[in-house]
Novice: 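Below you'll find the structure I mean.
Since the model is a prediction, treat every value here as computed from it, not as a measurement. For reference, positions follow the sequence shown, starting with 1.
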Amino acid sequence: MLQDIMPGTEEQLNKEMTAGYVGFDPTADSLHVGNLVPVTLLMRLQRAGHKPYALLGGATGMIGDPSGKSQERNLLDLETIQHNIDCQKKQLEKFIDFSDSIPNAAVLVNNYDWFKNFSFLEFIRDIGKHISINYMMAKDSVKNRLETGMSFTEFSYQLIQGYDFYHLNKTKNVLLQFGGADQWGNIVTGTELIRRKGGGDAFAFTCKLITKSDGTKFGKSESGNVWLDRDKTSPYQFYQFWLKMADADAAKMALVFSFKPVAEIKALITEHETAPHLRKLQKMLAEEMTVMVHSEEDLDFAKQASDILFGQSSVDALRSLNEKQLLEVMDGVPQVTGDKGALADGLDLITFLAESGVCASKGEARKLLQNGGVSINKEKVSAPDHKIKEEHLLNGQYLLIQKGKSNYTLAIFS
């Protein structure tokens with residue numbers, strides 16, 4: 001995963017327990033799959049006996065990091081940022097151990113705490129004079145924006161992040177900062193500031209930016225970000241995200257995210273290459289990541305839900321889902337609507353299939369039924385005069401119609 005590393009970093013980590021930090025941007029009230037890279041780095045650091053610091057950028061979040069951005073970001077107010085920080089803090093507590101019972105307990109810090117009383121004049125006098133304009137202009141995050149322009153606010157970002165490292169180094173003896181490859185310029189501004197202000201050693205490394213085989217950013221699905229918050233991305237959708245991963249990406253992501261021994265992962269990669277249709281790598285990742293981010297129970301439900309759509313699950317399994325679970329499972333399944341009142345005397349199935357658009361015509365619907373190609377709520381229907389009644393509805397409102405092997409439509413009656 002390493003992209004760049006400062007000389008002496010490896011020796012320092014092998015020598016003694018070292019405090020290292022990574023920053024999180026509080027622009028949303030949940031972390032997403034892309035944030036799992038720094039999260040897992042913090043986990044690995046702690047498991048190796050080092051002391052992880054998670055910095056939530058209450059101050060830097062008010063400005064916006066220009067790294068990798070083509071335009072200025074909308075600025076958030078203090079109340080929104082604090083809400084986002086509280087939510088992200090709760091999530092981080094799931095992954096790293098903050099308890100005082102261990103010597104390398106994780107620490108959570110918010111850079112707003114040391115910036116809120118720092119006057120502008122103090123900052124440009126005490127910090128700005130140590131870093132030259134030439135040094136700042138040479139950074140990619142600045143160079144890449146010279147054509148389109150960048151405000152002084154964003155230009156100052158690397159100085160502020162540099163001061164974070166200096167402050168943590170001076171007050172908490174944090175010797176290491178790490179982050180994504182696009183953070184190298186901001187990180188070394190910190191090591192330079194520590195050096196110029198007479199501090200001791202400071203170290204840094206960055207990891208490669210995680211992209212998919214097609215070059216697009218990892219961590220997004222068709223519907224946008226894949227969040228760690230179950231209300232934004234359900235555990236079932238989260239599980240499906242990993243399960244649907246392209247074969248070309250699976251080996252790379254297994255080595256990035258899985259905590260299994262490398263030899264075990266490599267053996268699984270070899271198995272996967274000989275029989276990719278079994279999707280062993282995707283299943284391993286989907287299971288491990290769902291348990292890590294959510295729970296064993298959520299994994300069990302995700303597997304059961306997947307079996308309903310893609311396996312041999314029974315009608316009992318389908319009927320056992322409550323409305324929220326059913327709609328999670330049916331996320332992305334085409335929907336049609338129907339009139340619940342029409343079910344009182346029984347609604348002709350062939351007519352409904354044709355009029356709702358599930359089938360192109362009554363003739364097609366009749367033919368499908370005769371050939372055993374229609375299932376209602378996972379049960380085969382072949383009688384051409386089959387009637388839909390209210391007692392057939394799931395949770396009093398829904399009907400799962402299946403054409404062929406895996407062509408589903410959810411009918412909603414109201």
Side-chain angles (χ1 to χ4, degrees), residues 1-25 31 34-57 60 85 88-111 113-114 161-184 186-195 199-210 228 255-265 288-289 292-293:
M1 288 181 70
L2 282 176
Q3 175 88 9
D4 296 300
I5 186 164
M6 196 161 276
T9 303
E10 192 174 350
E11 292 78 1
Q12 171 62 33
L13 290 170
N14 282 325
K15 184 173 76 174
E16 62 189 354
M17 182 173 88
T18 303
Y21 91 95
V22 67
F24 293 90
D25 196 352
L31 299 170
N35 298 128
L36 279 179
V37 176
V39 166
T40 53
L41 287 171
L42 284 173
M43 292 168 73
R44 292 181 194 280
L45 198 73
Q46 190 169 46
R47 290 180 186 198
H50 300 293
K51 191 173 181 67
Y53 276 72
L55 182 146
L56 293 173
T60 35
I85 284 173
Q88 290 188 11
K89 178 185 176 186
K90 198 176 287 185
Q91 288 179 330
L92 286 168
E93 286 169 347
K94 189 172 175 62
F95 305 110
I96 45 179
D97 189 351
F98 288 90
S99 64
D100 294 331
S101 57
I102 54 170
N104 64 330
V107 180
L108 196 115
V109 290
N110 177 356
N111 61 8
D113 291 341
W114 54 85
Q161 186 170 328
Y163 181 78
D164 284 341
F165 197 178
Y166 168 75
H167 176 85
L168 289 173
N169 177 266
K170 184 180 166 190
T171 60
K172 309 281 189 187
N173 196 33
V174 173
L175 300 182
L176 168 71
Q177 184 185 171
F178 52 96
D182 59 348
Q183 291 297 309
W184 183 253
N186 292 337
I187 292 171
V188 295
T189 297
T191 60
E192 186 70 4
L193 192 58
I194 290 165
R195 186 182 67 77
D201 292 328
F203 304 94
F205 73 82
T206 58
C207 60
K208 293 168 182 163
L209 294 177
I210 309 300
L228 307 194
L255 286 163
V256 168
F257 291 104
S258 176
F259 281 85
K260 287 180 167 55
V262 173
E264 194 179 316
I265 297 170
E288 186 175 343
M289 301 314 293
M292 186 178 106
V293 172

Novice: I'd like to know whether NZ of Lys94 has more than 12 heavy-atom contacts from other residues, nucleotides or ligands below 6.0 angstrom.
Specialist: yes

Novice: Would you name the heavy atoms of Ala54 and Phe24 that are closest together and state the gap between them?
Specialist: CB-CE1, 4.1 Å

Novice: What is the distance from atom OG1 of Thr40 to atom CG of Asn35, rounded to the nearest 0.5 Å?
Specialist: 10.5 Å

Novice: Applying salt bridge (Lys or Arg N to Asp or Glu O under 4.0 Å), name anything that partners Arg195, two or more places apart in sequence or on another chain.
Specialist: Glu192

Novice: Angle between ring planes, Phe205 versus Phe178, binned at 30° and 60°: parallel, tilted or perpendicular?
Specialist: parallel

Novice: Is there a side-chain contact between Gln12 and Leu175, using heavy atoms and a 4.5 Å cut-off?
Specialist: yes

Novice: Verify the neighbour count for atom CG of Asp100: are there more than 12 heavy atoms of other residues, nucleotides or ligands below 6.0 Å?
Specialist: no

Novice: Below 4.5 Å, heavy atoms only, C-beta onward: do Tyr163 and Asn111 meet side chain to side chain?
Specialist: no

Novice: Report the C-alpha separation of Glu288 and Ser258 in whole Å, then their side-chain angles, then the decisive distance to 0.1 Å, and conclude whether the side-chain hydrogen bond (donor to acceptor under 3.5 Å, both in side chains) test is met.
Specialist: CA-CA 7 Å; Glu288 186 175 343; Ser258 176; 2.7 Å; yes

Novice: Return the minimal non-hydrogen interatomic distance between Phe257 and Met289, and the atom names on each side.
Specialist: CB-SD, 3.9 Å

Novice: Check side-chain hydrogen bond (donor to acceptor under 3.5 Å, both in side chains) between Glu11 and all other residues, then give those that pass, not counting sequence neighbours.
Specialist: none

Novice: Could you grab the distance from atom CE of Met6 to atom OG1 of Thr206, nearest 0.5 Å is fine?
Specialist: 10.0 Å

Novice: Of all the heavy-atom pairs spanning Gln88 and Leu56, show the shortest one and how long it is.
Specialist: OE1-CD2, 3.4 Å

Novice: Kindly write out the residues that satisfy ring pair (Phe, Tyr, Trp, His ring centres under 6.0 Å) with Tyr53, not counting sequence neighbours, or none if the list is empty.
Specialist: none

Novice: Kindly say whether Ala105 contributes a backbone atom to a donor-acceptor pair with the side chain of Lys51 at under 3.5 angstrom?
Specialist: yes

Novice: Flag the pair Leu176 / Leu13 as yes when at least one side-chain heavy-atom distance between them is below 4.5 Å, and no otherwise.
Specialist: yes

Novice: If you measure from CG on Asp4 to OG1 on Thr9, what distance do you get to the nearest 0.5 Å?
Specialist: 10.5 Å

Novice: Looking only at heavy atoms, which two atoms of Met1 and Val37 are closest? And how far apart?
Specialist: CE-CG1, 3.6 Å

Novice: Are more than 12 heavy atoms, taken from residues, nucleotides or ligands other than Lys89, located less than 6.0 Å from that residue's NZ atom?
Specialist: no

Novice: Is there a donor-acceptor pair under 3.5 Å between the side chain of Asn169 and the backbone N or O of Val174?
Specialist: yes

Novice: Counting C-beta onward and ignoring hydrogens, is there a side-chain heavy-atom pair between Leu45 and Asn104 closer than 4.5 Å?
Specialist: no

Novice: A side-chain contact here means heavy atoms from C-beta on lying under 4.5 Å apart; do Lys208 and Gln3 qualify?
Specialist: yes

Novice: Within the structure provided, determine whether Tyr21 and Val109 are in side-chain contact (heavy-atom separation under 4.5 Å).
Specialist: no

Novice: Hey, does Val39 have a side-chain heavy atom less than 4.5 Å from the side chain of Leu92?
Specialist: yes

Novice: Take a 6.0 Å sphere around CD of Glu93 and say whether it holds more than 12 heavy atoms from other residues, nucleotides or ligands.
Specialist: yes

Novice: Less than 4.5 Å apart, side chain to side chain, heavy atoms only: is that true for Ile210 and Leu36?
Specialist: no

Novice: What's the shortest heavy-atom distance between Gly179 and Ile187, and which atoms?
Specialist: N-CD1, 3.9 Å

Novice: For side-chain contact (heavy atoms from CB on, under 4.5 Å), just list the numbers for Leu55 and Asp164, CA-CA rounded to whole Å, side-chain angles, deciding distance to a tenth of an Å, and then say yes or no.
Specialist: CA-CA 9 Å; Leu55 182 146; Asp164 284 341; 4.1 Å; yes

Novice: Where do Cys207 and Leu41 come nearest, in terms of heavy atoms and distance?
Specialist: SG-CD1, 3.8 Å

Novice: Spell out, as yes or no, whether a donor-acceptor pair under 3.5 Å connects the side chain of Thr191 to the backbone of Ala202.
Specialist: no

Novice: Could you check whether any side-chain N or O of Gln46 sits under 3.5 Å from a backbone N or O of Asp97, counting only pairs where one atom can act as donor and the other as acceptor?
Specialist: yes

Novice: Verify, without hydrogens or angle tests, whether Gln177 (side chain) and Gly190 (backbone) share a donor-acceptor contact under 3.5 angstrom.
Specialist: no

Novice: Got a second to check how far Leu108's CG is from Ile85's CD1, nearest 0.5 Å?
Specialist: 8.5 Å

